[in-house]
There are 2 protein chains.
Amino acid sequence: MSPARTVTIADVARHAGVAVSTVSYVLSGKRAISATTRQRVLDSVRALDYHPNAGARALASKRAKVIALVLPLRAGMNLPVLMQFAVSVVTTARQYDHDVLLMTADEGPDGLRRVAASSLVDGLLVMDVELHDPRGPLLRQLGEPSVLIGFPADRDGLTCIDLDFARAGALCADHLIGAGHREIALLGAPSVVYERGTGYAGRTLAGFTEAAARHGVPAAVRPCEESFDAVCSAVRDLLGAHPGTTGLVVHNEAAVGHVLGALRMLGRRVPQDVSVVAICPDDVAERAGPPLTSVLVPAEDVGRQAVKLLMAKLDGESVPQSTLLQPRLTIRESA
Amino acid sequence: MSPARTVTIADVARHAGVAVSTVSYVLSGKRAISATTRQRVLDSVRALDYHPNAGARALASKRAKVIALVLPLRAGMNLPVLMQFAVSVVTTARQYDHDVLLMTADEGPDGLRRVAASSLVDGLLVMDVELHDPRGPLLRQLGEPSVLIGFPADRDGLTCIDLDFARAGALCADHLIGAGHREIALLGAPSVVYERGTGYAGRTLAGFTEAAARHGVPAAVRPCEESFDAVCSAVRDLLGAHPGTTGLVVHNEAAVGHVLGALRMLGRRVPQDVSVVAICPDDVAERAGPPLTSVLVPAEDVGRQAVKLLMAKLDGESVPQSTLLQPRLTIRESA
DNA sequence: CCATGCCGTCGAAGCGCTTCGACAGAAGGG
DNA sequence: CCCTTCTGTCGAAGCGCTTCGACGGCATGG
């Protein structure tokens, strides 16, 4: 429309008949301003459709009001959960009046250094941290406020949050055993995921195994690739080697549909012949046939909490080093 | 380590024994600087590990070197593709020395207005634009450089890019008909997606129907919800109503696995009894059983091209109003 | 009734960078 | 040999905002 010279705080001040600093204080609330002046300023802001310049604000206040979200970029990642997570981070950050800069891990440590050093962001949210993640030491050294999703082996001086996967594995085992199953098994992620030392996969497995042992129930465990054929033979092998298995836990979102297909092909009915519990998002569980009893990965919760932790750190509050989110089992038809 | 007062351009200038402006010109290349001076400055930059302050740069140059990626946030979205897309946008943007601000559509028009007006970003990438998307007019009015992924009905003055879904639909039909099928069908997205006027779904359907008509082959079409049961009855209905159907196109990523399961349950072998072609990402097609002949949604290409278009616009170049990416059919075992 | 405080507002000094105009000195032309 | 034209560099003026210190004016208390 108009030639649109952008509106500055000086324009607002002039329009409202006050000093620039007064406008600033009205907007930030950092000093008391009389109700009448405040209102006049606010009206001018609205009238002129004023939006503070982000760069100038960042420069003067040393706060960019932007946080970085660092995504992993690896094989075997499960994109939908990542996405849900990202969305919840953005939504929550906005509630704190912050924006989110999206980064991929493939720029490596330099990327983190760059955004931190350039004051592009005030803090970092690092996803999918592995057991021996090089970014752990880096973050410690960087001194930039950060929150990690996932647990590195050495979490000293870091703030970490994740679903309690050990508990999730145990919950699945307990549920099956409680339902009377006397031999159970876990079908996991592709083996590369375990080898990489991805914390959550190993922790689920440990929790599962431990719970089974506690009840004295034999528990087989098998990694599982994600193609239909691979899943079929994995299931066949498993049931061959452990014919008494009647309870199955699946911790592999991409394979979960195939597992049901494989069981169908092998003539095993779910849940009559084999009970299945999955660890996956609700929508996957719901649209499976039959709908799966499942423990969900509460991506949204994790995202929200992670942002809250980071905001607390930005405000100089001290926060717990580790936060574990409790898993929740939803009973559907498969177990 | 150190108390870490951040390094400024003045520090670099002092260290190199030149003026601040000289450092700036070395870094931006906007004026000729002698080789020796340039080298000295560059050395100092490295020695001090200097990173320009993003806010100051943005303020002075009126270029933030950040673009916004606006994601949709709707039911029936398919997250993995979105994610792939986002990753490719970030990667490409980095090649142009830009960062990416992630926004969700749920902040609405105000969100776009806000980031644009505050100069937080230099341009906008808007994903998953619908036929009658309110953001079309908004962008036009905003005057901020932008690129839309998807085609609104009125694309005057906008820059749009997408996969040529009509062509993709036609390609599937052509492939099946070329293989000798005399009655074919399309299993599509959930009906809500069509009703919303999501361009790509409708265009696929149109391309498919048209191609079939051109060959004089009857072609049924059916939207499809994504739960296993719904898919089963959809497939059953379809095959019941059109018993001669031997070629099936599936344009629904979440349902594609279930379709194969349903066919198996109905006793139809793939590809002996029914040939199946899917429109979905390669990894989904590959890990299906049997691996699916498919047309992939080239999320990465779209992302890369979209960024390139946006960068061209930021540089003041003029770009084509519409860009259509050609689909590619990959033959696997299912058709 | 004057000293004391507080409240609300203002002016000005930066924040770190880009960019414009100026200006030495070298190079080239008449 | 002087005047012009480049080249390479410098200094300074902002960019739009936050924040600090200052300062009138009003109420309070002695």
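Numbered from 1 within each chain, the chains take letters A, B, ... in sequence-line order.
Defined by atom type and a distance below 3.5 Å, a donor-acceptor pair is present between the side-chain atoms of A:Thr37 and A:Ser34. Side-chain contact, B:Lys62 with B:Ser119: no donor N or O sits under 3.5 Å from an acceptor N or O.
At a threshold of 4.0 Å, the pair A:Arg94-A:Asp97 counts as salt-bridged, since one of the basic side-chain nitrogens sits closer than that to a carboxylate oxygen. Salt-bridge formation is detected for the pair A:Asp154/A:Arg140: a Lys NZ or Arg NE/NH1/NH2 atom is positioned less than 4.0 Å from an Asp or Glu carboxylate oxygen. Remark: B:Glu107 engages B:Arg114 in a salt bridge, criterion side-chain N to carboxylate O under 4.0 Å. The pair B:Asp122-B:Lys65 does not meet the salt-bridge criterion, since no charged nitrogen lies less than 4.0 angstrom from a carboxylate oxygen. Between A:Asp43 and A:Arg38 there is no salt bridge, since no side-chain N of the basic residue sits under 4.0 Å from a carboxylate O of the acidic one.
Judged by closest nucleotide on DNA chain D, B:Thr37 is the one of B:Thr37 and B:Leu59 placed further toward the 5' end. Mapping A:Arg31 and A:Thr8 onto DNA chain D by nearest heavy atom places A:Thr8 closer to the 5' end of the strand.
Side chain of A:Arg63 to main chain of A:Leu314: a donor-acceptor pair is present (N/O by atom type, distance under 3.5 Å, no hydrogens or angles). Looking at B:Arg40, its side chain does come within 3.5 Å of a backbone N or O of B:Ala16 through a donor-acceptor pair.
Contacts between residues 13-29 of chain B and DNA chain C, counted as heavy-atom distances below 4.0 Å, involve B:Val20, B:Ser21, B:Ser24, B:Tyr25. Residues from residues 40-48 of chain B that place a heavy atom under 4.0 Å from any atom of DNA chain C: there are none.
Across B:Leu131, B:Asp133, B:Leu324, a single residue satisfies side-chain contact (heavy atoms from CB on, under 4.5 Å) together with B:Phe151, and that is B:Leu324.
Chain A approaches DNA chain C over the interval C:dG8 to C:dG16, counting the first and last nucleotide 5' to 3' with an atom under 4.0 Å from its heavy atoms.
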